[in-house]
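See structure below.
This is a predicted model, so every value here is computed, not measured.
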Amino acid sequence: MAAALLLFLAPALAACSDDEGGGGNEAPPTPTVEQTERTEGTEQSPAVTAPPDAGAAETEIKQNWQKFFDPATSTEEKQAVLENGDRMGPVLQAFSGDERGGQVEAKVSKVEFTSPTEANVTYDLTLKGATALPNASGTAVEQDGTWKVSVKTLCALVQLSGNGSPVPGC
């Protein structure tokens, strides 16, 4: 199944024409604890590592990841839940144009907030109902008031195709 998933991702390499650089070669960020310097006479406040309503944000992340990887979701709807989705259209069109694109889905199993606007996401990617990529790691970002699948996550999946060519926009 993993090989079939990789073949599914290969057409995206040739379809993306966005020349914007983005650092997709980087691994998802490692959670860190931010510390602020303590000055005399003031108390140190703990770093905020989650949005104000973490429960609602987690629910939105799960819903938007499911929508992004749902074969029935249109390219336009996927762009709405993908970071910088307006610039990632060519990659999304390649996904929807591949017959296996209609067979891939994702289920989020864990969300860990690393900041008020970023989260690490653990998910299973399935192909035709069978788990092809278990416990995959990705990131979600809050952009324009919406929690979205990060470009880093999409680019990492595209790079799994093994083509070795750089992906414009990633």
Side-chain angles (χ1 to χ4, degrees), residues 1-2 5 8-9 12 16 18 20 22-24 26-36 45-96 98 100-160 167 169-170:
M1 283 294 159
L5 177 63
F8 159 71
L9 296 172
C16 189
D18 186 1
E20 296 277 325
E26 301 153 12
T30 302
T32 60
V33 176
E34 296 179 20
Q35 295 182 341
T36 56
S45 61
V48 177
T49 58
D53 189 345
E58 182 174 343
T59 298
E60 183 179 353
I61 289 168
K62 288 179 177 181
Q63 289 172 344
N64 288 347
W65 277 62
Q66 185 173 348
K67 179 186 284 187
F68 181 78
F69 288 102
D70 184 340
T73 301
S74 71
T75 300
E76 292 76 24
E77 290 174 301
K78 289 180 186 224
Q79 284 178 290
V81 295
L82 174 65
E83 177 187 21
N84 301 326
D86 56 334
R87 295 194 315 235
M88 299 303 287
V91 174
L92 293 176
Q93 289 172 354
F95 286 154
S96 63
D98 187 295
R100 289 165 290 202
Q103 303 166 351
V104 175
E105 296 182 64
K107 179 173 170 91
V108 174
S109 58
K110 186 176 181 182
V111 175
E112 290 181 299
F113 292 100
T114 57
S115 79
T117 58
E118 292 187 18
N120 290 332
V121 179
T122 303
Y123 64 101
D124 292 335
L125 202 58
T126 63
L127 180 64
K128 294 170 88 174
T131 301
L133 194 59
N135 296 314
S137 296
T139 54
V141 296
E142 187 274 329
Q143 184 180 51
D144 301 325
T146 301
W147 281 95
K148 301 180 178 189
V149 175
S150 72
V151 168
K152 285 182 187 179
T153 299
L154 179 60
C155 290
L157 289 171
V158 169
Q159 289 173 355
L160 281 176
V167 180
C170 286

Atom pair OG1 (T146) and CD1 (I61), whose distance is rounded to the nearest 0.5 Å
11.5 Å
A side-chain contact here means heavy atoms from C-beta on lying under 4.5 Å apart; do M88 and V151 qualify?
yes
If you compare all heavy atoms of P71 against all heavy atoms of E105, which two are closest, and at what distance to 0.1 Å?
CD-CG, 3.6 Å
Within the side chain of Q79, is there an N or O that forms a donor-acceptor pair under 3.5 Å with the backbone of G85?
yes
Taking only residues two or more places apart in sequence, or in another chain, which ones meet K107 in a salt bridge (charged side-chain N to carboxylate O under 4.0 Å, His left out)?
none
For E60, all residues meeting salt bridge (charged side-chain N to carboxylate O under 4.0 Å, His left out), sequence neighbours excluded
none
Does some side-chain heavy atom of V104 sit less than 4.5 Å from a side-chain heavy atom of L125?
yes
Using the side chain to side chain contact (heavy atoms under 4.5 Å, CB included) criterion, which residues pair with Q143? Sequence neighbours excluded.
E83, N84, K148
Would you compute the distance between atom NZ of K67 and atom NZ of K78 and round it to the nearest 0.5 angstrom?
11.5 Å
Does V108 have any side chain to side chain contact (heavy atoms under 4.5 Å, CB included) partners at least two apart in sequence or in another chain, and if so, which?
K62, W65, V111, V121, Y123
What residues, two or more places apart in sequence or in another chain, satisfy side chain to side chain donor-acceptor pair (under 3.5 Å) together with E77?
S74
Looking only at atom types and distance, does a side-chain atom of D124 sit under 3.5 Å from a main-chain N or O of N135, one as donor and one as acceptor?
yes
One should read off an interatomic distance between L82 CG and T75 OG1, to the nearest 0.5 angstrom, of 11.0 Å
Pairing residues for T153 by the side chain to side chain donor-acceptor pair (under 3.5 Å) criterion, not counting sequence neighbours
S150
Taking atom CD of E142 and atom OG of S115, what is their separation to the nearest 0.5 Å?
9.5 Å
S109 (side chain) donor-acceptor with T122 (main chain) under 3.5 angstrom
yes
With sequence neighbours left out, the residues meeting side chain to side chain contact (heavy atoms under 4.5 Å, CB included) with P116 are V48
Restricting to side chain to side chain contact (heavy atoms under 4.5 Å, CB included), what partner residues turn up for T59, sequence neighbours left out?
Q63
Not counting sequence neighbours, list each pair that qualifies as a ring-ring contact (aromatic ring centres under 6.0 Å, His included) and has a residue in residues 138-159.
F113-W147
